[in-house]
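Take a look at the structure set out below.
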Amino acid sequence: MSLRDLQRKFKKQFSDFFEIPRDIMLDLPKIVLVGNLQVFIENHRGIVEYTVEKVRIKVGEGEVGITGHDLMLRNIKMDEICVEGHIKSLCFLEPGEVW
Amino acid sequence: MVLLRLFSFLLGHVSLVVRGEFLEKFVNLAASRGIYLWDITRLENDKVRVKVRISDVRPLRHIARATQSSFKVRERRGMPFMINRLKKRKLLAIGGIAFLITLYFLSSFVWFIGVTGNDKLSDEQIKKIAAQAGLRPGVAKWELEPKEIEKIIREQLPSVAWAGVYIKGTHVIIEIAERKLVQEEPHKGPAHLVAGKAGLIKEVLVLNGQAKVKEGETVLPGSILISGEILQEVKPEASNQPLPEGQEPSAPQYVSHFVQAKGIVRARVWYEGYGECRLAETVEKRTGQEKISFCIKFRGKEIIISGPKESPYQHYEVKKIVKSLPQWRNIGIPVEVTTVHYLEKVVSRLNHGLTGAKQIAEQKAMAEISAKLPKDAKIVERRLEVVDTGQHEDLVRVKAFVETIEDIGVIKPLKTHEEARD
């Protein structure tokens, strides 16, 4: 177990104990999916890849991958992204994982 | 979201096509610098279209240089560009503004007047009176006072029980409620002709009926002049035996039949009128000077916007116009705008003098009489008399006597015996 894992474990217990929302404490993304039309991702770290069929967004340590067609970035702000289009899937990728 | 879009429209935005290898980097960098990008769509492998505010285009150049990409402006949208375009077509802009001003200006006049609710009165009649009151097509709306016009219509047309004047845009609707005048049908059945006033009978002309008065008689109001009941003597049959000796002929028997009395009964009628006038009078007159003050009333609090708080004149008349927002259902907006006109008045003392005062008093007395006179009355004598109370006072009292000859007959329906029995 690395130091990082330990740190994460401590943070999780800490947030559980004090009932602090985890997305703030653990730097996790908050994802809102509206049907298959829209995805809001708060607390992101920037986009990694963007095509009409595939969008990858850096989030915390990993990435969030969105597939579908006619994808479009509705808006992008410092910590918020809204993706629109016909969404087929949404998956979480480990850092460095090839998709 | 909508607000943001509106904001970006007002500020103006452009749509850019960005070409480069590392477009994701470009977007990330822009977002991290606080540049708001939206509607990002991939066109080709190395092309992306983004929308951005005008003010953010300049910083984007630096980012483009840093990410080895370039962009071209494809579309310009929003107010700043529209204004720019209009600057090139000044006449169009002027025309547009002139149009709006004209539209606004023309909409503040009354163009159409509609009359509803009238039954017997014609539209033209009502419109004519409204025109007298200042409501005619082409008049400015700010000069209209619906309450005044309503009042004038009501006063001028006695058969109008209620009038409402509503301004709806450039239309004015005059709503009328007519008084249902119960018109007495001319009486067909038997009737007497009775005196309407007290008077001395001058002449009697009977067309139908039986005269009950003679010339020179004095009648009181209500007394029968020409009776509708005609008494006819029933003669005993001729074939009867000669009356026995000693027997009196039976009292004459009458059969009455009823007609509608007709005729002309002229009589002398006297009228009396009284008028008085002070030797010196104080008269108030508007000078035409006025001060206007506006104030807004909000929940009982009055805030004066302009104009004086109190009347600046010593003698004045106050005209108050309260304008409040229209009420919708039960929700009224508790804001009222009040315009107060202070009209200056001049109080002057008029000195009539004895003869002048007498003349005015006489006029008043005569006016009082002539209001009572019927149309067909013929004045035969006119006498004016100054009343002397014996005390010294600065008042002239005048009594006027007028003698007329007029038809005093009034038809009064008569109940026949059969009817009376019913």
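Note that the coordinates shown come from a computational prediction; the quantities given were computed from them, not determined experimentally. Letters go in sequence order (proteins before strands), and every chain restarts at 1.
Heavy atoms of A:Val83 lying under 4.5 Å from chain B are absent altogether. Only the backbone of B:Ile35 comes within contact range of chain A, with heavy atoms under 4.5 Å apart. Contacts of B:Val50 with chain A are absent, with no heavy-atom separation under 4.5 Å from either backbone or side chain.
The candidate with the highest count of non-hydrogen atom pairs below 4.5 Å against chain B, out of A:Lys58, A:Glu84, A:Glu49, is A:Glu49. Here A:Val52 is the residue among A:Val52, A:Asp70, A:Ile81 with the most heavy-atom pairs under 4.5 Å with chain B.
Closest approach of B:Ile40 to A:Tyr50, counting heavy atoms only: O-OH, 3.1 Å.
No more than 12 heavy atoms of other residues, nucleotides or ligands lie within 6.0 Å of CG in B:Leu91, so this atom counts as exposed by the packing criterion. Taking a 6.0 Å sphere around NZ of B:Lys127, one finds it holds more than 12 heavy atoms contributed by other residues, nucleotides or ligands.
B:Glu24 and B:Arg42 are joined by a salt bridge, as a carboxylate oxygen and a charged side-chain nitrogen come within less than 4.0 angstrom of each other. Using a cut-off of 4.0 Å between Lys/Arg side-chain N and Asp/Glu carboxylate O, B:Lys319 and B:Glu148 are scored as not salt-bridged.
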